[in-house]
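Structure, as structure tokens:
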Amino acid sequence: MTCGALDRAQLLRVAEATWPTQTRLLEPPWVLRQSKGGGKRVTAASADGSVTQSDVNDAEERMIALGQKPLFSVLPDSETDTILAQLGYEAVDETWLYQCPIGALADRDVPPVTAFPIWPPLQLARDIWADGGIGADRIAVMERAACEKTTILGRVNDRAGGVVYGGLHEGCIMVHALEILESQRRHGLARSLMIAAAKWGAAREATHIALLVTKANTAANALYTRLGMAPQQGYHYRIKNQSEGLTP
């Protein structure tokens, strides 16, 4: 069992398996994603091979035909990134990948009666997500994930105060949608939920725990750094008009 770092390609596979689009269309050189809500990750097209300007035009037409605004997920400084920039697509939501060996978190303690792995998510969890703007469309993403998965409901100050979703794929648990009620923040609950997620993964022989976060989310980046997770550059999106209402 190796505990070496997972590469970006592996982490992106885990991300797609644990946060899947509704319909994945292979139309070389593109992977097109169609989903009724759920954010950029489940609706963005990505390149699967060499790309030309004509290919971009074709992808734009297909996404419009699918009822979606043209949106691309790209690796920094890639050929696709360069072409889209030349065509006037703006880069948004620079996203970082964090990971660490599972034992780095799973070997830590969680206070008693603090974290409860539960699937499917309880209404309490749904309410906490709703308070943070995570609605039914994103919960639907979690529900359709075919991997082994869980939510972890967190308690602090004798009440439910936070929740996180995690999915297991290729020996890695990737966590998503970590949300803490504003009134319950700064009590260590986010840390406890991350450790509990790692323990859940370790019990299923996961070797790593990972997540994605935008570079702009300074509070989250600080948390994961304090936990000892290592960041690496992931991807960003390219859109033509940032004012058109796409959500991350």
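- Formation of a donor-acceptor pair under 3.5 Å by the Thr151 side chain with backbone atoms of Ile118 is found in this model.
- With contacts defined as side-chain heavy-atom distances shorter than 4.5 Å, the pair Val56/Leu87 qualifies.
- Judged purely by atom type and a 3.5 angstrom limit, Glu61 has no side-chain atom pairing as donor or acceptor with the backbone of Asp58.
- Nearest heavy-atom pair, Lys69 versus Met63, reported as atom, atom and distance to 0.1 Å: O-SD, 4.2 Å.
- At most 12 non-hydrogen atoms from other residues, nucleotides or ligands lie less than 6.0 angstrom from CG of Asp158.
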Checking side chain to side chain donor-acceptor pair (under 3.5 Å) for the pair Asn221/Thr218: CA distance, chi angles, key distance, verdict?
CA-CA 5 Å; Asn221 281 280; Thr218 54; over 6 Å; no

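- Within a 6.0 Å radius of CD in Gln123, other residues, nucleotides and ligands contribute more than 12 heavy atoms.
- The hydrophobic clustering, which links ILVMFWY residues whose side-chain heavy atoms are closer than 4.5 Å, places Leu153 and Ile195 apart.
- Considering CZ of Arg159 and CD of Gln184, their distance stands at 5.0 Å, rounded to 0.5 Å.
- Proximity of Leu12 to Tyr235: side-chain heavy atoms (C-beta onward) are separated by under 4.5 Å at one or more points.
- With sequence neighbours left out, Thr21 forms a side-chain contact (heavy atoms from CB on, under 4.5 Å) with Arg24, Arg33, Ser35, Val42.
- Under the 4.5 Å side-chain heavy-atom criterion for ILVMFWY residues, no single connected hydrophobic cluster contains both Ile64 and Ile239.
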Could you walk me through whether Tyr237 and Glu94 satisfy the side-chain contact (heavy atoms from CB on, under 4.5 Å) test, starting with their C-alpha distance in whole Å, then the side-chain angles of each, then the deciding distance to 0.1 Å, before giving a yes or no?
CA-CA 7 Å; Tyr237 299 97; Glu94 182 178 354; over 6 Å; no

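- One finds the CG atom of Asp93 at 13.0 Å from the NZ atom of Lys215 (value rounded to the nearest 0.5 Å).
- You'll find the side chain of Met142 stays beyond 4.5 Å of the side chain of Lys149, heavy atoms only.
- Contact check for His208 versus Cys100: no side-chain heavy atoms found under the 4.5 Å cut-off.
- Within the hydrophobic cluster formed by Ile, Leu, Val, Met, Phe, Trp and Tyr side chains joined at under 4.5 Å, directly or through other members, Ile152 is accompanied by Trp96, Tyr98, Ile102, Leu105, Val156, Val164, Leu168, Ile173, Val175, Leu178, Ile180, Leu189, Leu193, Met194, Trp200, Ile209, Leu211, Val213, Leu223, Tyr224, Leu227, Met229.
- Scanning both residues, Gly39 and Arg138, for their nearest heavy atoms gives CA-NH2, 3.8 Å.
- Of the N and O atoms on the side chains of Asn57 and Gln53, not one donor lies less than 3.5 Å from an acceptor on the other residue.
- The closest side-chain heavy-atom distance from Arg13 to Glu16 is not below 4.5 Å.
- In this structure, Glu179 CD and Ile134 CD1 are separated by 5.0 Å, a value rounded to the nearest 0.5 Å.
- A donor-acceptor pair under 3.5 Å is formed between the side chain of Asp137 and the backbone N or O of Gly38.
- Considering CG of Leu26 and CG of Leu32, their distance stands at 8.5 Å, rounded to 0.5 Å.
- Taking every heavy atom of both residues into account, Arg126 and Ile139 meet most closely at NH1-CG2, 3.5 Å.
- Heavy-atom minimum distance, Val51 versus Pro29: CG2-CG, 4.1 Å.
- Follow the hydrophobic side-chain contacts under 4.5 Å out from Leu212 and you reach Val92 in the same cluster.
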side-chain contact (heavy atoms from CB on, under 4.5 Å) assessment of Leu6 paired with Cys172:
CA-CA 9 Å; Leu6 304 179; Cys172 177; 3.9 Å; yes

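- Counting heavy atoms from C-beta outward, Arg41 and Ser73 have side chains that stay 4.5 Å or more apart.
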Verify side-chain contact (heavy atoms from CB on, under 4.5 Å) between Arg108 and Lys199, making sure each step is shown before the conclusion.
CA-CA 9 Å; Arg108 305 184 193 186; Lys199 288 180 179 295; 5.9 Å; no

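- For the 3.5 Å distance criterion, the side chains of Thr18 and His176 qualify, holding a donor opposite an acceptor.
- Tracing side-chain contacts under 4.5 Å through hydrophobic residues (I, L, V, M, F, W, Y), one reaches Trp129 starting from Trp19; they form part of the same cluster.
- The shortest heavy-atom contact between Leu11 and Gln99 is CD1-NE2, 3.6 Å.
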Please assess Glu60 against Lys240 for the test salt bridge (Lys or Arg N to Asp or Glu O under 4.0 Å), listing each intermediate value before the final yes or no.
CA-CA 11 Å; Glu60 289 175 337; Lys240 274 191 174 176; 3.6 Å; yes

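- Using a 30° and 60° split on the angle between ring planes, Phe72 and Tyr89 fall in the perpendicular class, above 60°.
- For Arg238 and Glu90, the salt-bridge test fails: no basic side-chain N is under 4.0 Å from an acidic carboxylate O.
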Run the side-chain contact (heavy atoms from CB on, under 4.5 Å) test on Leu66 and Thr43 for me, step by step, so that the C-alpha distance in whole Å, both residues' side-chain angles and the decisive distance to 0.1 Å come before the verdict.
CA-CA 10 Å; Leu66 291 171; Thr43 56; over 6 Å; no

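- Across all non-hydrogen atoms, the minimal contact from Ser50 to Glu79 is OG-OE1, 3.2 Å.
- Taking CG of Asp77 as the reference point, atom OG1 of Thr80 lies at 12.0 Å (rounded to 0.5 Å).
- The cluster map of Ile, Leu, Val, Met, Phe, Trp and Tyr, joined by side-chain heavy atoms under 4.5 Å apart, puts Leu71 and Val74 in different clusters.
- Considering CG of Leu75 and OG of Ser46, their distance stands at 8.5 Å, rounded to 0.5 Å.
- When atom types are taken as modelled, the side chain of Asp131 and the backbone of Ile128 share no donor-acceptor pair closer than 3.5 angstrom.
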